[in-house]
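Report on the structure given below.
Lettering follows sequence order; numbering is per chain, from 1. It should be emphasised that the depicted structure is a prediction, and the values quoted were computed from it without experimental measurement.
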Protein chains: 2
Amino acid sequence: MTLPSPFWSDDATTLYQGDSLRILQTLPTASVDAVVTDPPYSSGGMTTGARQAQTSTKYVLTGTKVQRPEFCGDNRDQRSFTLWASLWLAECLRVTRPGGVLLSFIAWRQLPSMTDAVQVGGWIWRGIVPWDKTEGVRPQMGFFRAQCEYIITATHGPMGNQGRTRRICMPGCFRESVHSREKLHITGKPVELMKRLLDILPAGSVVLDPFAGSGTTLVAARANGMHSIGVEMSDEYCAIARDRLAGSPRHVDSPASA
Amino acid sequence: MTLPSPFWSDDATTLYQGDSLRILQTLPTASVDAVVTDPPYSSGGMTTGARQAQTSTKYVLTGTKVQRPEFCGDNRDQRSFTLWASLWLAECLRVTRPGGVLLSFIAWRQLPSMTDAVQVGGWIWRGIVPWDKTEGVRPQMGFFRAQCEYIITATHGPMGNQGRTRRICMPGCFRESVHSREKLHITGKPVELMKRLLDILPAGSVVLDPFAGSGTTLVAARANGMHSIGVEMSDEYCAIARDRLAGSPRHVDSPASA
DNA sequence: CCCTTCTATGAATCGTGCT
DNA sequence: CAGCACGATTCATAGAAGG
């Protein structure tokens, strides 16, 4: 299978536009050190109507002023979500070297489906790391605030020595608030959070994000002196990611900048 | 079915010794406001050998001197755990009034099984609240620290007004370190954490803990001015719980102390 | 025609961070 | 420092569909 031509690339980053599963199939086996991603959660899906709603209005409260582009792939029911996730996860496993790492964001409601899919896809599930969005999130009267998202951690076979030899010790809980000004995607993650997560890998590593969105993973990888490969379906978000990457500073000690 | 005679009781607290499922069957329908518990996790269960190990050594690091009493019910495989949990959860649902709340601790590995069991048992799953044990837990070289346990939240049918009318807003993440001096049970939780969790209920509520252990839930309920019912299988832990309860101060504004 | 079940719609909530 | 915008939702209710 021939590699598709990238939407954009430079010496540290490659961004492909298209369907994740198709693009992943063209990538060589064992060619990346880690998969770090934030897939569509399909979390609105209690009813077909709610799932079919536009994402630009679906996650937005009545009266909110900001407008952001649509994003696709957020309209599956629970069973389809699990099956679909297991498919791209299996393909990611092939592309990742043995010992490599998977870090995948998910919301509480899809957490059990996602841990199933990770294991069906052949990964060894290693745990859960909460991302505490702090008290800024919308409160729920009389109950516990839905304040956290979760990062599912897994490895391709036995743990590699990505950190063992560096004697690093990663936190098991990340507290980082969301700054809406920074969010270029409805579900955008803070760059600082991504950078802290990527500290599990040494500089020079290759990171793959099959759902790149506005490119936060790629920007963080670049800032940490890593190479990255992104896939994003929407051309609007591809353009946003390209503009961010073209404008964002590269890590000083990056092998790519040498 | 006649009520068994308690192992110990006073005007705020009742402690039964015996098998949870059997004791629960004797409790009246819709007689408690909340179930707050920390069931045996069966967390070692990757191999039968690991499951058959004695519990008092299983959770202790090599070379550690502390010895605590055995506790039972921690040797099930994944499927049996889910089935067993769904049984006592269903019985707890019956004993809980409509609108009442379930808060159940669980470790990451059993989290998906437990959310299944909660829903099989008829509860409406409302979310997950991480308990961040802070950086004091044993680090894992080269990977993310297993630093959190999780509290599964659920309700008996639509949400009651336990907090709506009081206009409370509960945190969605609890950061509280473990003090091993305070731990009378191998898996004992900090009393302060339990008290903060119980803030979701007004004083005077009735709390049920079907796996009372050393009685932390009961002690916290008493300190918050609530009534509580505990069930514990081991006579050693029953004695420990009784001694703690007999020696712990009662809440000043408690209706029980009036 | 009534009862149940599903769907669509809009209101709400408060701590935080930015203006 | 007061004010306003914001939130990977949830709840309640009214209306439609189905039996």
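Between B:D132 and A:R175 there is no salt bridge, since no side-chain N of the basic residue sits under 4.0 Å from a carboxylate O of the acidic one. Between B:K189 and B:E176, none of the side-chain N atoms (NZ, or NE/NH1/NH2) sits under 4.0 Å from a carboxylate O, so this pair counts as no salt bridge.
Nucleotide C:dC2 forms a Watson-Crick or G-U wobble pair with D:dG19, both donor-acceptor distances falling under 3.5 Å. Base-pair partner of D:dA8: not found among the strands shown (Watson-Crick or G-U wobble, both distances under 3.5 Å).
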Distances for protein N/O vs nucleotides 4-6 of chain D N/O pairs under 3.5 angstrom?
| from | atom 1 | to | atom 2 | distance (Å) |
| --- | --- | --- | --- | --- |
| D:dC6 | OP2 | A:K65 | N | 2.8 |

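Between B:R126 and D:dC11 there is a side-chain polar atom (N or O) within less than 4.0 angstrom of OP1 or OP2.
Looking at A:K133, its side chain has no donor and acceptor atom pair within 3.5 Å of the base of D:dA8.
Listed for the A:R68 side chain is a donor-acceptor partner under 3.5 Å among the backbone atoms of A:K183.
The aromatic rings of A:F71 and A:H185 are tilted relative to each other, their planes meeting at an angle between 30° and 60°.
Ring centroid separation for the pair B:F211 and B:W84 comes in under the 6.0 Å cut-off.
Partners of A:W8 under the ring pair (Phe, Tyr, Trp, His ring centres under 6.0 Å) rule, at least two apart in sequence or in another chain, do not exist in this structure.
Between A:H179 and A:R145, the one whose closest nucleotide on DNA chain C sits nearer the 5' end is A:R145.
Residue side chain A:Y41 meets the stacking definition with respect to D:dA8: its ring centre sits within less than 5.5 angstrom of the base's six-membered ring centre, and the planes differ by less than 30 degrees.
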